[in-house]
Participant: 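Below you will find the structure I want to go over with you.
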Protein chains: 2
Amino acid sequence: MTEQFFTYTDRYVKFTQPDKDLLLAALGSKHLEAKTELVSYDKPVDELYFILKGCLRKYFVKEGQQITVYIATPNSFIAAFDSFMTGTNSQEIIECLEPCELLVLKKADLEHLYCQIPLMNEFIRKVLELTLIQIQQTLTMYILDNPEERYVKLLSQNPDILQRVPQHMLATYLGITPTSLSRIRKRIITKP
Amino acid sequence: MTEQFFTYTDRYVKFTQPDKDLLLAALGSKHLEAKTELVSYDKPVDELYFILKGCLRKYFVKEGQQITVYIATPNSFIAAFDSFMTGTNSQEIIECLEPCELLVLKKADLEHLYCQIPLMNEFIRKVLELTLIQIQQTLTMYILDNPEERYVKLLSQNPDILQRVPQHMLATYLGITPTSLSRIRKRIITKP
DNA sequence: ACAAAACGTTTACAAAAGACAAGAACGCTT
DNA sequence: AAGCGTTCTTGTCTTTTGTAAACGTTTTGT
């Protein structure tokens with residue numbers, strides 16, 4: 001179960017066994033049912049999560065509507081980074097869409113690990129580098145492409161997400177209404 | 001001139017004087033005129049830049065049109081991160097909008113610094129953390145807000161940018177056409 | 001198994017944005 | 001100062017998206 005996590009870390013840095021033991025000692029775990037709220041509105045968060053199993057989404061509430069901004073699947077981190085790093089209250093909500101198994105890392109423990117394991121800084125740096133590239137590509141997609149193009153790209157790049165997430169959440173994630181997404185799907189299915 | 005850079009680094013980590021000397025030795029500098037192309041399409045980039053003075057933009061070409069995706073001002077880094085980190089050719093173009101003074105850091109030199117200066121990993125990690133938060137907020141804005149709301153936020157949060165960047169570049173940066181931005185401005189000026 | 005809730009599609013109408021073209025304002029060069 | 005090109009605005013028309021409501025279907029809970 002934790003092999004899965006070290007398979008992930010091995011792609012970035014080579015932790016020694018003592019390093020891994022320290023890391024293991026710092027990691028907690030959580031099993032959550034679908035629809036559980038992991039991070040709540042207006043509360044501070046001092047944890048980040050590594051997804052072993054399941055699917056989660058991050059959303060905002062705007063004018064009474066839930067707007068999904070991120071969908072996360074196994075073997076990646078999820079957190080309310082803003083709150084986690086700055087100590088402010090979270091404006092975003094994270095909830096499980098499926099039953100989830102997570103590893104938990106507390107901020108205080110992470111700070112300790114930075115001191116105890118020299119490679120830790122490098123590991124997180126590399127994770128951040130790749131995350132940055134990925135978010136930048138997503139942002140670029142929002143500036144460059146219209147909703148239909150975004151949907152088609154999602155379709156080809158993350159087909160798994162489409163089957164795990166209700167369509168109205170996908171719609172807000174694409175920056176449009178469920179009505180509009182329904183129309184786009186109709187256009188795409190019938191046209192080509 | 002380089003004090004300006006260390007004023008920036010001091011906000012993240014406390015480099016010792018020997019650290020700073022090593023850093024200085026690795027940093028080059030560039031003076032560029034307005035309209036100079038710093039990063040070109042379809043070429044690899046092995047440098048990143050710290051902006052001392054001036055203003056630059058990053059853009060894509062889509063169907064013959066230039067679409068601005070980022071505008072950078074002094075005391076921040078700019079680079080084609082994707083190309084820089086993965087070694088692929090850059091799909092994006094970076095150009096100067098004003099005469100610019102930049103510090104240059106080569107990828108090979110950065111890798112050396114990671115070995116020579118233990119704090120370097122931590123420094124870049126912290127820079128990446130803040131950059132990530134900022135990009136995430138920008139992305140959230142694109143999902144959550146419509147073009148008019150995005151423009152108003154830009155107006156209140158980055159009024160300086162509005163005066164440095166031609167309106168048609170701002171328009172594509174907001175994900176709309178220059179025509180549409182012109183109308184939004186008209187609506188805002190006359191309405192409230 | 002049944003009732004309630006959630007989900008997806010569709011409709012009609014309103015609002016917003018895109019495309020295209022013409023004209024006005026501005027800045028730069030000579 | 002005149003001329004040139006760029007930039008911004010405006011008008012008209014078309015396309016796309018949003019809003020609201022209705023309807024059938026599926027999922028969920030008990």
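Chain letters run A, B, ... following the sequence lines, proteins first, then strands; residues in each count from 1.
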Participant: If you draw a 6.0 Å radius around NZ in Lys20(A), do more than 12 non-hydrogen atoms from other residues or ligands fall strictly inside?
Facilitator: yes

Participant: Kindly state each residue pair satisfying salt bridge (charged side-chain N to carboxylate O under 4.0 Å, His left out) with at least one member in residues 151-160 of chain B, sequence neighbours excluded.
Facilitator: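 Matches after skipping sequence neighbours: Asp145(B)-Lys153(B).
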
Participant: Is any side-chain heavy atom of Ser76(A) less than 4.5 Å from a side-chain heavy atom of Ile51(A)?
Facilitator: yes

Participant: Take the C1' atoms of the five end pairs on each side of the helix from dA1(C)-dT30(D) to dT30(C)-dA1(D), get both axes, and report the angle to 10 degrees.
Facilitator: 60°

Participant: Side-chain contact, heavy-atom cut-off 4.5 Å: Leu181(A) with Gln167(A)?
Facilitator: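 In short, these two side chains touch, coming nearer than 4.5 Å.
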
Participant: Just how far, in rounded Å, is C1' of dT27(D) from CD of Glu98(A)?
Facilitator: 15 Å

Participant: Would you indicate whether Glu111(A), at its atom CD, is surrounded by more than 12 heavy atoms from other residues, nucleotides or ligands within a distance under 6.0 Å?
Facilitator: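 Yes, because the 6.0 Å sphere around CD of Glu111(A) holds more than 12 heavy atoms from other groups.
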
Participant: Expressed in angstrom and rounded to an integer, what is the separation of Leu174(B) atom CG from dA17(C) atom C1'?
Facilitator: 13 Å

Participant: Rounded off to whole Å, could you give me the NZ-to-P distance for the Lys186(B) and dA25(C) pair?
Facilitator: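 Going from Lys186(B) (NZ) to dA25(C) (P), I get 14 Å.
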
Participant: When you check every protein heavy atom under 4.0 Å of nucleotides 17-23 of chain D, what one-letter string (B, S, -) results, 5' to 3'?
Facilitator: BBBB---

Participant: Measure the distance from NZ on Lys62(B) to C1' on dG18(C) and round it to the nearest whole Å.
Facilitator: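 Computing the Lys62(B):NZ to dG18(C):C1' distance gives 13 Å.
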
Participant: Taking atom CD of Gln17(B) as the centre, report whether more than 12 heavy atoms of other residues, nucleotides or ligands fall under 6.0 Å from it.
Facilitator: yes

Participant: Arg125(B): what forms a salt bridge (Lys or Arg N to Asp or Glu O under 4.0 Å) with it, not counting sequence neighbours?
Facilitator: Glu129(B)

Participant: Would you say that Ile71(B) contacts Leu170(B) through its side chain, given a criterion of any heavy-atom pair below 4.5 Å between the two side chains?
Facilitator: yes

Participant: Which side-chain N or O atoms in residues 95-108 of chain A pair as donor and acceptor under 3.5 Å with protein atoms at least two apart or in another chain?
Facilitator:
from      : atom 1 : to        : atom 2 : distance (Å)
Glu95(A)  : OE2    : Arg57(A)  : NE     : 3.0
Glu95(A)  : OE2    : Arg57(A)  : NH2    : 3.2
Glu98(A)  : OE1    : Arg164(A) : NH2    : 3.0
Glu98(A)  : OE2    : Arg164(A) : NE     : 2.8
Lys106(A) : NZ     : Glu47(A)  : OE2    : 3.0
Lys107(A) : NZ     : Phe84(A)  : O      : 2.7
Lys107(A) : NZ     : Met85(A)  : O      : 3.3

Participant: Between Ser40(A) and Ile93(A), what is the shortest heavy-atom contact and its length?
Facilitator: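 Minimum heavy-atom separation between Ser40(A) and Ile93(A): C-CG1, 4.4 Å.
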
Participant: Counting only non-hydrogen atoms, which of residues 162-171 of chain B are less than 4.0 Å from DNA chain D?
Facilitator: Pro166(B), Gln167(B), His168(B)

